[in-house]
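Both counts, for ligands and for their atoms, begin at 1 and track the order of listing.
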Amino acid sequence: MPPASRRWRRVLRLFDDLAERYGYELIMTPVFEATELFSRAVGESTDVVQKQMYTWDDKAGRSMTLRPEATAPVVRAYLNAGGRGVAKYAYSGPMFRYEQPQAGRRRQFWQIGVEYVGEDSPTADVEVIELGYHFYVAAGISDISVQLNSIGDAESRAAYREILVEYLEARRDRLSEDSQRRLSTNPLRVLDSKADVAEVADAPSPVDHLSAASAAHFEGVTDGLTQRGIPFVAAPRLVRGLDYYTRTVFEYTAASYGAAQDSLGGGGRYDGLAQQLGGSEVPGVGFSLGIDRVVLALGNAAEPAALDVFVVAANKEDHPNAQSLLALLRANEMRADGLARVASVKAQLKAADRSGAAQVVTVDDTYEDGTVTVRSIADRKEDVVEIDKVVAWLSK
Ligand code: HAM
């Protein structure tokens, strides 16, 4: 609802522009998909699939799920469309997870994201991380920080898994029930367990057990980020809560967003996902950022006004001319408004004030001679201006 939605509009528009500037095309996937897509892609042993999906049978008895995330749907759509070559997608929309609701954690929440599909160069990872970083800074979250790790490829993972399991087995009794179970199904998930943060604090990190190819890729990412001037922090325990990741994983955090255990956004590389979904070998990397959390992190900072100018009719006879002026201003890409009904100047100025518009134009009988009175509220400047110069005056 306005006025809170002003902030939403600003940041969503910001993302739309930024993604377009980086060459990401809009993709829109359905709000629900076959349940199997998420259980295969996100992983049977993850919290998302085990506890958080809204799942039901449709009239034909097929199991459907409200999308808990968009990466799997995007890769599915890419494969459906032929599944070849490089594609850069941007998306924005609601996702659904059955979680315990609290500030910044909702059952319906809004993600924006990009997926760079079909490219395995570390330069793609760098571009994606940079784009997310610039989004936060432009949105007004200047203390944004990139937590970066690599969990390696399948080859690295097989070797690392043994080392990790040995470490965790020695502490099995002290682990939560969930983690004990995951120790045999998916031990990497244990590193992600909120209940076992202390127990895994000194666990071996995947980044110290990378294959030569994954180590070279990771170096490419860190070198690229350094060259681009994107600050990042090594996060050796970061593994992310979804199973499709390979190599690069990252999260965005900010001190201004208090909940330390919750990220503002996250992403990574998923070179095995397309194959897992029955396609050919197609690499990919992307991120998703939670807009509910971005809005919370921005706190009470003032948003720019939703209007540039409010048009006031001095008398009831001036109302039609005020409407013509509004049309002229809007045609010139100014955000302009006025009252639709005839009202006293006092009532109109009150509405102008409520609108937050920084400037007011008053239309009176001089309109027929080609002039209006313009007033800038901020610097208390008032001028009588010719109508064909009014846009230029207001834009100054
Ligand atoms: P994720 O870490 O599950 O990753 O979610 C990304 C972001 O969505 C989180 O950092 C958070 O800001 C927001 N989010 C998640 N759950 C909630 C919730 N219940 N309420 C509010 N916000 C929430 C993904 O979803 C992956 N698809 C990211 C990705 C893209 N990886 C590769 N490409």
Side-chain angles (χ1 to χ4, degrees), residues 8 11 15 19 24 27 29 33 37-38 41-43 46-49 51-54 66-78 87-117 119 124-125 127-129 131-132 135-136 139 141 144-147 149 151 189 192 194 235 238-254 257-274 276 282-298:
W8 283 76
V11 298
F15 173 71
Y24 291 79
I27 185 169
T29 68
E33 299 252 5
L37 171 66
F38 300 109
V42 174
T46 58
D47 276 354
V48 169
V49 170
K51 303 174 186 166
Q52 298 175 349
M53 296 204 302
Y54 284 89
L66 287 181
R67 60 181 183 194
E69 65 102 49
T71 308
V74 166
V75 173
R76 179 206 50 72
Y78 169 90
K88 295 169 72 173
Y89 302 114
Y91 52 86
S92 173
M95 309 291 156
F96 306 84
R97 295 183 192 176
Y98 195 84
E99 295 202 73
Q100 210 44 54
Q102 51 180 275
R105 185 169 305 151
R106 314 178 77 184
R107 290 179 174 165
Q108 175 172 342
F109 57 99
W110 197 281
Q111 277 187 350
I112 56 171
V114 299
E115 308 296 346
Y116 197 147
V117 182
E119 179 56 71
D125 310 38
E127 177 183 291
V128 163
I129 294 171
L131 169 51
F135 166 77
Y136 287 113
I141 303 174
I144 196 72
S145 157
V146 181
Q147 313 286 316
N149 198 20
I151 59 170
R189 283 273 70 76
D192 197 48
K194 298 225 160 84
L238 179 68
V239 291
R240 308 266 306 129
L242 315 165
D243 276 353
Y244 48 63
Y245 291 112
T246 54
R247 296 191 167 171
T248 316
V249 289
F250 58 93
E251 282 186 353
Y252 297 97
T253 57
Y257 182 63
Q261 76 279 20
D262 282 337
S263 58
L264 280 173
R269 183 162 274 290
Y270 43 84
D271 295 344
L273 178 54
Q276 247 163 282
V282 182
V285 59
F287 66 59
S288 314
L289 317 181
I291 296 304
D292 304 77
R293 294 183 186 178
V294 167
V295 165
L296 279 177
L298 288 171

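When R240, M95, E69 are checked for heavy-atom proximity to atom 4 (O) of ligand 1, R240 turns out nearest. The closest heavy-atom contact to atom 14 (N) of ligand 1, among the options Y98, F109, F250, comes from F109. For atom 7 (C) of ligand 1, the nearest non-hydrogen atom from the set G132, A70, S288 belongs to S288. Looking at L264, T248, L242, V114 and measuring to atom 12 (O) of ligand 1, the nearest heavy atom belongs to L264.
Under a 4.0 Å heavy-atom criterion, G104 is in contact with ligand 1. Heavy-atom distances between G268 and ligand 1 reach below 4.0 Å in at least one pair. Residue W110 places no heavy atom under 4.0 Å from ligand 1.
Annotation for ligand 1: atoms under 4.0 Å from non-hydrogen atoms of T71 are 26 (C), 27 (N), 29 (C), 30 (C), 31 (N), 32 (C), 33 (N). Annotation for ligand 1: atoms under 4.0 Å from non-hydrogen atoms of E99 are 16 (N), 17 (C), 18 (C), 19 (N). The ligand atoms of ligand 1 that sit less than 4.0 angstrom from a heavy atom of Y270 are 32 (C), 33 (N). Heavy-atom contacts of Y245 reach the following atoms of ligand 1: 26 (C), 28 (C), 29 (C), 31 (N), 32 (C) (cutoff under 4.0 Å). Applying the 4.0 Å criterion to heavy atoms of E115 picks out, from ligand 1, the atoms 30 (C), 32 (C), 33 (N). For ligand 1 and G266, the ligand atoms under 4.0 Å from any heavy atom of the residue are 10 (O), 28 (C), 29 (C).
For atom 10 (O) of ligand 1, the closest heavy atom belonging to the protein is S263 OG, 2.9 Å. The single protein non-hydrogen atom nearest to atom 13 (C) of ligand 1 is G290 CA, 3.7 Å, given as residue, atom name and distance. Protein heavy atom closest to atom 11 (C) of ligand 1, with residue, atom name and distance, is R293 NH1, 3.4 Å. Atom 5 (O) of ligand 1 has Q111 NE2, 3.2 Å as its closest protein atom, hydrogens excluded (heavy atom only). Of all protein heavy atoms, the one closest to atom 32 (C) of ligand 1 is G286 O, 3.3 Å. When only non-hydrogen protein atoms are considered, atom 20 (N) of ligand 1 lies nearest to R106 N, 3.0 Å.
For R269 (side chain) and T248 (main-chain N/O), no donor-acceptor pair under 3.5 Å exists by modelled atom type. Checked by atom type and distance alone, the side chain of R293 never pairs as donor or acceptor with a backbone atom of L264 at under 3.5 Å. Using modelled atom types, one side-chain atom of D271 and one backbone atom of G284 make a donor-acceptor pair closer than 3.5 Å. In this structure, N149 contributes its side chain and V249 its backbone to no donor-acceptor pair below 3.5 Å. E115 contributes no side-chain N or O that, together with a main-chain N or O of V117, makes up a donor-acceptor pair within less than 3.5 Å.
The pair D243-R189 meets the salt-bridge criterion, since a charged nitrogen lies less than 4.0 angstrom from a carboxylate oxygen.
Neither the backbone nor the side chain of E251 comes within 4.0 Å of ligand 1, counting heavy atoms alone. Under 4.0 angstrom from ligand 1, there are no non-hydrogen atoms of R107. With a 4.0 Å heavy-atom cut-off, ligand 1 is reached by the side chain of Y244 but not by its N, CA, C or O. Heavy atoms of V48 found under 4.0 angstrom from ligand 1: none, in either backbone or side chain.
Within the model, atoms CD1 of I151 and OH of Y245 stand 9.0 Å from one another, a figure rounded to the nearest 0.5 Å. Note that CG of D262 is 5.5 Å distant from NZ of K194, once rounded to the nearest 0.5 Å. One distance of note links CZ of F287 with CG of D125; it measures 13.0 Å at 0.5 Å rounding.
Between the side chains of Y91 and T29, not a single donor N or O lies within less than 3.5 Å of an accepting N or O.
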Determine, stepwise, if the pair Y54 / Q108 fulfils side-chain hydrogen bond (donor to acceptor under 3.5 Å, both in side chains).
CA-CA 11 Å; Y54 284 89; Q108 175 172 342; over 6 Å; no

Working for side-chain contact (heavy atoms from CB on, under 4.5 Å), residues V294 and W8
CA-CA 9 Å; V294 167; W8 283 76; over 6 Å; no

What do the steps show when you test E33 against R67 for salt bridge (Lys or Arg N to Asp or Glu O under 4.0 Å), and what is the final call?
CA-CA 7 Å; E33 299 252 5; R67 60 181 183 194; over 6 Å; no

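In this structure, Y252 and Y136 have tilted ring planes: the angle between them lies in the 30° to 60° band.
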